[in-house]
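Okay, so here's the structure we're looking at.
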Amino acid sequence: MNKTLDELRKEIDSIDNEIMNCILKRFEIVKWIKEYKENNKMNIVDLKRKEEKKLQFMKFFEEHWFSKNIWEKIYDVLHYFSVNYQLEK
């Protein structure tokens, strides 16, 4: 690799911005899901879906040679904040 440290950091900065925008977009959708669930008197947490998505998430990253434990924690944090957002009044 012939890139300088500054070039690599700029790439990381760009990726970080993409991640932040994706998280923001995700929470916009969570807002709509919250409204849907409230209007249809549904439970906030769907445990079956939570486990399915968590396994999918971990499997994807494990297949790409990343530690399953790290990505499991990241998923748990995303899910935790999504649920808490939905529980807020």
Side-chain angles (χ1 to χ4, degrees):
M1 179 173 291
N2 294 332
K3 293 184 180 185
T4 67
L5 180 59
D6 282 342
E7 290 172 327
L8 293 168
R9 285 181 172 165
K10 283 180 184 176
E11 285 186 43
I12 289 290
D13 291 346
S14 176
I15 292 168
D16 287 347
N17 286 331
E18 288 179 44
I19 291 169
M20 289 185 289
N21 283 319
C22 285
I23 290 172
L24 182 62
K25 191 180 298 185
R26 187 181 197 282
F27 274 88
E28 282 297 315
I29 295 171
V30 167
K31 178 182 172 186
W32 299 332
I33 289 172
K34 174 186 178 181
E35 291 173 11
Y36 180 90
K37 288 178 177 180
E38 286 174 347
N39 292 335
N40 291 281
K41 298 180 181 10
M42 297 173 70
N43 290 331
I44 296 298
V45 178
D46 180 340
L47 293 176
K48 182 181 176 193
R49 176 167 168 76
K50 176 188 174 188
E51 288 305 311
E52 287 172 353
K53 295 304 294 178
K54 185 175 187 174
L55 289 173
Q56 177 188 21
F57 198 84
M58 291 181 340
K59 182 180 177 190
F60 174 82
F61 286 104
E62 193 174 40
E63 288 173 355
H64 293 86
W65 303 286
F66 292 101
S67 168
K68 180 172 82 172
N69 294 330
I70 292 169
W71 297 103
E72 180 179 17
K73 287 177 177 44
I74 290 172
Y75 176 82
D76 286 342
V77 167
L78 280 172
H79 187 265
Y80 171 82
F81 283 106
S82 293
V83 168
N84 281 340
Y85 179 83
Q86 291 180 62
L87 291 172
E88 290 178 356
K89 294 290 178 184

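The figures that follow rest on heavy atoms only: side chains count, while hydrogens, waters and symmetry mates do not. Throughout, residue positions are numbered sequentially from 1 according to the sequence presented.
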Output side-chain donor-acceptor pairs under 3.5 Å for residues 75-84, partner residues at least two apart or in another chain, one line each.
{"from": "Y75", "atom 1": "OH", "to": "K50", "atom 2": "O", "distance (Å)": "3.4"}
{"from": "D76", "atom 1": "OD1", "to": "K54", "atom 2": "NZ", "distance (Å)": "3.0"}
{"from": "D76", "atom 1": "OD2", "to": "K54", "atom 2": "NZ", "distance (Å)": "3.4"}
{"from": "Y80", "atom 1": "OH", "to": "N84", "atom 2": "ND2", "distance (Å)": "3.0"}
{"from": "S82", "atom 1": "OG", "to": "R26", "atom 2": "NH1", "distance (Å)": "2.6"}
{"from": "S82", "atom 1": "OG", "to": "L78", "atom 2": "O", "distance (Å)": "2.9"}

F60: ring pair (Phe, Tyr, Trp, His ring centres under 6.0 Å) partners, not counting sequence neighbours: H64

Taking atom [atom1] of [X] and atom [atom2] of [Y], what is their separation to the nearest 0.5 Å?
{"X": "L5", "Y": "E7", "atom1": "CG", "atom2": "CD", "result": "10.0 Å"}
{"X": "D16", "Y": "N21", "atom1": "CG", "atom2": "CG", "result": "11.0 Å"}
{"X": "K25", "Y": "E18", "atom1": "NZ", "atom2": "CD", "result": "10.0 Å"}
{"X": "K3", "Y": "R9", "atom1": "NZ", "atom2": "CZ", "result": "15.0 Å"}

Check: V45 main-chain N/O paired with N43 side-chain donor or acceptor under 3.5 Å: no

Check: K37 side chain, I44 main-chain N or O, donor-acceptor pair, under 3.5 Å: yes

For E38 against Q86, the heavy-atom pair lying closest together: OE2-O, 4.5 Å

State plainly whether one hydrophobic cluster holds both [X] and [Y], where clusters connect Ile, Leu, Val, Met, Phe, Trp and Tyr through side-chain heavy atoms under 4.5 angstrom apart.
{"X": "W32", "Y": "L87", "answer": "no"}
{"X": "I33", "Y": "Y85", "answer": "no"}
{"X": "I74", "Y": "L24", "answer": "no"}
{"X": "Y36", "Y": "F27", "answer": "no"}

Side-chain donor-acceptor pair present, Q56, K59, cut-off under 3.5 Å: no

